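What follows is a single structure, written as structure tokens, with notes after it.
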Amino acid sequence: MAKKPQSKKQDDHIHPFARKFLWLGDEKIIRGFIWVPIIGLIITVMAGFIFPHDPKHAAPWDIWRVGFTWDSFPSWALIGFCAYSFVVLSAEPLFRLLSRKENYYGEEEVPEVIIEPTAEVHHHD
Amino acid sequence: MIDLIFKNPEVLADMFFSNPGFIIIFAGFLCAFLPRNEARKFLVGAAPIAAAFLVWRAAGDMDGARRAIEAGGNEFVLMRIDRLSMIWGYVFCLAGVLNAIYALHEKCRITDSSALIYMGAAVAGVFAGDFLTLFIFWELAALSSVFLVWKGGENAFPAGVRYLAIHILSGVLLLAGAVIYARSKEWDFTFGEAGEYGFLSLQDPGAVLLMIAMGIKCGFPFLHNWIQDAYPKASVTGTVILSAFTTKLALYALARTFAGEDILIYIGAIMTCFPVFFAVIENDLRRVLSYSLNNQLGFMVCGIGLGTELAMNGVAAHLAADVIFKGLLFMSMGAVLMRVGTAKASELGGLFRSMPYTTIFCLIGAGSIAAFPLLSAFVTKSMIIASAMNQHEYIVMGMLLFASAGVMEHSGIKVPYFAFFSHDSGKRVKEAPWNMLVAMGLASLLCVFFAFPWGGYQFLYSLLPFPENYYAPYTGNHVVTQLQLLFAAMLAFAFLKRMKVYPDERRAEILDFDWTYRRLGKGIAVWIDAMWTRLSANLAIIRKDFFAKAGQRLYHMFSPAGTFSVGAPSGLPTLLTGGMLVLVLIVVYLARL
Amino acid sequence: MGMLEFFPEWLQYHGAALAVVLPLLMGAICAILPSERLAWITTLIVVSICTVTAFGLLLVTFGGESVIYKMGGWDPPKGISYVIDGLNTPVIFLISAMALLTTLYGLPSVVAEVEPKKRAPFYGAFLIGVAGLLGMVVTGDAFNVFVFLEVSSISTYVLVAMGASRDRRALAAAYRYLILGSIGATFFVIGLGFLYMETGTLNMADIGRKLQELEGGSRVAMVAFGFITVGLGLKLAMFPLHMWLPGAYAHAPSFVTVFLASTATKAALYLMLRFSFTVFDVSFDYVLTVVTYLFTGLGCAAMVLGSLQAIFQTDARRTLAYSSVAQVGYMLLGVGMATSLGLTAGYVHLLNHAVIKGALFFALGAFWYRYGITRTEDFAGLGKMMPWTMGAFTLGGLSLIGVPLTAGFISKLQLAEAALQRGWGWAVFVIMATSILAIIYIGRLILTAYFQAPPEIDGEVVKRNEAPLMMLIPMWILVALSITIGVNSDFVVQAGQMAAEVLGGIS
């Protein structure tokens with residue numbers, strides 16, 4: 001938000017095709033994004049009742065026998081959520097354990113060549 | 001036999017056009033001497049197309065396409081095609097065309113030439129019918145591709161040297177393994193008969209060496225570091241080209257040699273899981289993609305280990321899909337690197353405002369690798385997972401599912417999110433050049449086509465090693481479960497982001513197993529060097545003392561010429577001569593006893 | 001053998017004597033010629049005749065024949081005989097052909113490196129050295145071997161010392177070479193003395209026969225064998241008796257280095273083979289033990305330690321010199337197997353290494369000729385400054401490493417095959433490990449030459465200045481030969497098999 005005074009000038013450099021999608025950067029949209037997977041998940045879990053696991057092609061965790069045969073258990077959703085969370089949550093301790101300064105190996109970090117600097121941007125020619 | 005070939009132009013031409021790789025290699029050498037950029041670009045594009053035609057021609061008559069020459073008592077099978085090598089050949093040619101378009105803007109003789117030779121070596125290696133021929137192209141691929149790494153600038157030079165050393169080692173191991181194997185078979189170097197997958201088991205002589213050689217090249221755990229070391233440092237186009245061939249050639253060799261070898265199932269499963277953890281903390285997005293490459297290779301290695309018809313189909317199909325979508329992702333990150341000057345997540349963000357087309361293509365690539373329905377990996381990866389399930393390898397299957405969620409993390413979300421969305425970095429750059437957009441567009445189309453339910457995946461399946469083994473990807477349950485997995489992963493992302501526990505990207509060097517040789521090994525070498533210097537200095541003093549005291553006597557005793565004194569430059573050698581005589585006489589004496 | 005018809009009948013018989021006597025006589029005349037150009041032309045003519053003669057002799061033995069030439073018509077046990085068989089003709093041809101190539105190369109090189117007054121005597125000494133080498137290979141008389149050994153050695157000391165006008169250290173190197181060479185020769189002649197005591201004859205075939213009758217002979221023969229082994233080991237730079245070699249190679253004139261590196265040690269190795277396998281025989285326990293354990297052990301030590309030392313040198317000539325020590329190790333490893341395949345491999349490597357090292361030292365000489373370069377760090381930018389010479393060096397280097405399609409690969413393949421057949425898996429490992437060391441010491445030079453920019457002098461990049469044609473031609477002949485052998489090794493392998501047949505070996 002500190003960049004507000006510049007925003008007018010910056011607009012000149014926005015790709016014409018991207019102008020229609022600038023709402024993607026909107027704070028409300030970003031906060032509301034969480035509803036996309038929630039709704040998707042609800043629909044697919046419901047759909048799981050229509051397309052249950054095929055007992056012939058199912059892993060042990062797919063079908064539960066709790067008094068009745070629960071063959072539409074959303075096991076894949078559970079795996080997806082847990083696996084994803086585990087990976088992300090393990091990032092912090094791993095980073096502490098494994099991260100070093102960028103030129104740790106002493107192979108001098110020469111600034112990478114910027115082939116076309118941002119200053120020379122022309123979209124409207 | 002060699003004479004016969006060189007004396008008959010028809011035979012020579014026949015040999016030359018037998019293996020599709022040869023014309024690509026030839027075009028590559030031609031490129032090295034072509035001063036005109038347009039002419040080179042024509043060759044770079046035309047050679048893979050011509051090679052694809054040759055593959056198609058050979059595939060029409062698989063037995064008739066076999067060519068062999070005899071030299072030095074060994075038979076070199078220059079061309080041997082079956083359904084396994086056929087699909088690899090097609091995929092390599094396809095990748096070659098896409099890479100040619102992607103590199104159209106670059107005026108660099110070295111890149112053009114080495115890219116062609118490298119690609120040709122990979123194609124020729126796939127069609128090689130004996131270990132010696134395979135070895136030649138195995139090494140040629142390594143030698144020619146290192147220039148692509150070195151084109152990445154000064155940073156890339158040491159990485160390139162390491163890359164070369166590791167690949168030469170892999171080649172040497174391959175040769176050693178092949179020699180040991182062939183020796184046990186009366187010097188028969190045949191690299192499996194046509195249509196025979198998995199002709200070796202790990203108990204066979206030389207098999208362990210062969211597996212390590214192939215394992216190095218396809219990034220087995222602990223042997224994988226060269227991928228993440230070299231690929232992110234190569235040039236923009238170089239990385240795209242590199243990602244398509246080296247590891248895939250090794251994968252082919254592995255499939256041909258060790259299909260159905262149980263240990264590969266577990267190696268593959270581990271290979272899918274461990275890069276996930278590195279990818280999540282790595283900052284350089286091209287290195288993230290290198291880990292992701294490793295992870296996808298894991299799926300295929302696992303499939304090779306399973307070795308059933310369904311699994312082999314899955315491996316071949318996933319190879320085709322992977323070359324395209326991994327190429328697409330590397331292309332999009334290459335475009336970002338070229339325009340912004342860096343591919344570090346911490347420096348990027350919000351680029352969809354200035355590179356919208358690249359964003360769309362990258363999202364298609366990300367969706368493909370994450371296996372969204374209607375995108376390519378959905379119809380390929382599931383074959384491998386399904387065959388793991390059919391074989392009741394539930395632990396492995398669980399690992400593969402875990403890795404699938406991991407793929408969604410690093411390639412499906414992290415790469416596009418940090419590059420194109422996230423917080424706005426304020427960087428406003430030009431959209432990628434038109435040729436890159438065309439290449440990415442074509443790759444995106446292929447990603448969609450390979451999974452297209454009405455004719456698309458059927459076409460892909462018709463090229464697989466076992467086309468009669470029918471697999472239906474679009475069953476209701478498969479679509480639903482896959483979507484559940486992906487939506488749940490996305491939900492976890494959004495949820496963790498909302499809870500502010502999703503880690504930001506920070507600039508850092510992440511240690512991996514290469515620490516052992518880049519740091520520990522180097523440290524040990526430096527220490528030994530220092531110790532050696534000290535030791536030799538001390539030894540020199542001791543030697544001097546030795547000469548001052550006992551030396552004189554010994555010297556006179558053992559020198560028949562005996563006219564020169566201590567300190568003459570020939571002192572020590574002369575002493576040694578005497579010592580040798582004593583040694584020889586002792587040996588001679590003992591021999592009689 | 002259609003080509004044999006070009007050689008008159010008398011040449012096939014008298015050729016052996018001609019090849020030795022002609023350079024010996026002309027060497028003396030050459031030394032007193034007034035003009036260096038005249039001396040060069042004389043030398044060229046003489047070595048050309050020798051080469052043609054040697055080629056004729058080679059064809060004779062390839063035809064499966066062997067010739068015994070009786071000096072002055074005296075019958076062998078009393079008189080001196082010259083023997084032409086499958087074992088020595090390839091070496092004879094190698095020596096004379098290398099002499100021819102170095103003479104061509106010498107036209108520019110000697111002018112640059114030797115003082116004007118000394119050039120005619122230089123060629124004289126060279127011819128006498130050639131005569132000595134040819135003599136010790138061709139003769140069938142053991143004492144005659146010693147004579148020619150001394151002839152060649154003494155002229156070589158002189159030749160090495162001639163490097164003094166370029167590099168004063170050549171004097172010290174020549175002195176060291178002189179002392180050690182004399183020790184070697186003395187050991188050898190002591191060994192011959194013992195041998196004469198045991199058998200009462202000096203004809204090599206005769207000694208062999210007598211020893212067979214005595215089933216190896218008494219302790220005297222054993223001591224003789226010990227002395228001869230060490231004496232010849234010194235001449236062929238068997239580790240650790242190689243210490244004269246690096247200095248001599250590094251400081252001699254380029255011309256001499258090339259000739260020494262590709263012929264002198266090879267001729268000595270030939271003698272070692274001749275004495276260990278035909279005069280003595282591996283059927284004697286003590287010979288077999290020495291060959292199996294000592295040759296192999298020292299060979300492997302040479303391969304590893306020589307290569308390691310080569311890596312740490314700062315002078316490119318020393319690098320190659322230590323590499324020569326290592327390569328002699330390969331040959332000894334092959335010989336140490338004592339099987340037919342092993343001997344073939346060792347012999348093939350003897351020939352291949354002469355070709356490869358010749359090409360490499362030719363290139364080094366050209367670098368000195370144009371830019372005065374000997375240190376490894378000065379190689380920077382040579383890929384641009386002298387592309388053709390550096391190209392030859394690179395191809396030669398690849399061959400030394402043993403990259404497929406080069407002569408070096410053929411050698412290593414043969415060696416590995418022989419080792420496996422003997423059941424020595426570890427030897428294959430040592431060969432591979434030392435090949436990696438070779439990659440390091442050769443790769444270091446090649447990388448510097450191609451990937452570092454040429455030096456700047458007064459702000460200007462040094463200009464391209466290719467070696468003269470007279471240097472490039474012999475260099476590229478050897479490089480082309482190395483590649484040819486790599487593509488089709490039949491004739492070299494055939495020569496190796498021919499030699500192995502003469503030597504016998506264990507089955």
Side-chain angles (χ1 to χ4, degrees), chain A residues 3 10 13-15 17-18 21-22 24-25 33-34 36-38 40-41 44-45 47-48 50-54 57-60 74 76-81 83-85 87-92 94-95 98-105 107-110 112-118 121 123, chain B residues 153-155 158 276-277 280-281 338-339 341-342 350 352-357 386 389-390 394 397-398 401-402 405-406 408-409 421 424 426-431 476-477 480-496 498 501-503 506-511 518-519:
Chain A
K3 287 176 182 164
Q10 275 186 2
H13 300 307
I14 287 177
H15 194 283
F17 181 76
F21 298 98
L22 280 183
L24 280 172
F33 173 76
I34 195 168
V36 175
I38 289 177
L41 204 53
T44 50
V45 169
I50 307 170
F51 302 107
H53 297 292
D54 178 356
H57 300 285
W76 288 48
L78 204 64
I79 292 171
F81 190 88
Y84 193 100
S85 310
V87 169
V88 171
L89 293 176
S90 67
E92 187 58 33
L94 270 179
F95 187 85
L98 295 177
S99 72
R100 296 290 185 276
K101 276 194 195 111
E102 265 191 317
N103 62 352
Y104 173 74
Y105 290 117
E107 288 161 13
E108 281 306 305
E109 286 283 320
V110 183
E112 284 153 331
V113 184
I114 297 174
I115 297 168
E116 274 165 70
T118 49
V121 175
H123 274 305
Chain B
E154 292 195 4
N155 269 344
V276 166
F277 294 98
V280 71
I281 49 177
M338 178 178 161
R339 286 310 194 205
T342 178
F352 80 92
R353 294 175 182 79
S354 39
M355 304 179 82
Y357 299 125
M389 182 148 69
N390 290 348
Y394 292 120
M397 183 194 166
L401 285 184
F402 171 83
M408 184 61 189
E409 192 324 279
F421 301 102
D424 188 1
K427 291 195 166 77
R428 295 286 180 267
V429 295
K430 266 170 104 172
E431 176 58 281
N477 178 255
V480 165
T481 47
Q482 182 65 21
L483 279 174
Q484 280 180 3
L485 182 92
L486 295 175
F487 276 128
M490 278 162 75
L491 177 65
F493 166 71
F495 176 70
L496 294 169
R498 180 70 71 86
V501 287
Y502 193 88
R506 281 164 287 182
R507 304 186 69 141
E509 177 77 46
I510 304 295
L511 302 186
R518 289 176 69 182
R519 191 76 182 205

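It should be emphasised that the depicted structure is a prediction, and the values quoted were computed from it without experimental measurement. Throughout, protein chains are lettered first and strands after them, A, B, ... in sequence-line order, and every chain is numbered starting at 1.
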Okay, N390(B) and chain A: the region with an atom under 4.5 Å from a heavy atom over there is side chain
So, the part of R353(B) with a heavy atom under 4.5 Å from chain A: the answer is both
If you tally heavy-atom pairs under 4.5 Å between each of A77(A), S99(A), A83(A) and chain B, the highest tally belongs to A77(A)
Heaviest contributor of heavy-atom pairs below 4.5 Å to chain B, chosen from S85(A), P60(A), P74(A), is P60(A)
Turns out that what part of S90(A) lies under 4.5 Å from chain B's heavy atoms comes down to side chain
For Y357(B), the ring-ring contact (aromatic ring centres under 6.0 Å, His included) test, sequence neighbours excluded, returns H15(A), F17(A)
ring-ring contact (aromatic ring centres under 6.0 Å, His included) filter on F352(B), not counting sequence neighbours, yields F421(B)
[X] and [Y]: which non-hydrogen atoms are nearest, and at how many Å?
X: N477(B); Y: F51(A); value: ND2-O, 3.2 Å
X: A488(B); Y: L41(A); value: N-CD1, 3.7 Å
X: T44(A); Y: Q484(B); value: O-NE2, 3.4 Å
X: V280(B); Y: A91(A); value: CG1-CB, 4.0 Å

With chain A, which of [options] has the greatest number of heavy-atom pairs at distances under 4.5 Å?
options: A405(B), G476(B), A494(B), P503(B); value: G476(B)
options: I281(B), L491(B), T481(B); value: T481(B)
options: Y394(B), F402(B), F277(B); value: Y394(B)

Taking atom CZ of F495(B) as the centre, report whether more than 12 heavy atoms of other residues, nucleotides or ligands fall under 6.0 Å from it. no
| task | Kindly assign one of parallel, tilted or perpendicular to the pair F493(B) and Y84(A), based on the angle between their ring planes and the thresholds 30° and 60°. | result | perpendicular
One should read off an interatomic distance between W76(A) CH2 and L483(B) CG, to the nearest 0.5 angstrom, of 11.0 Å
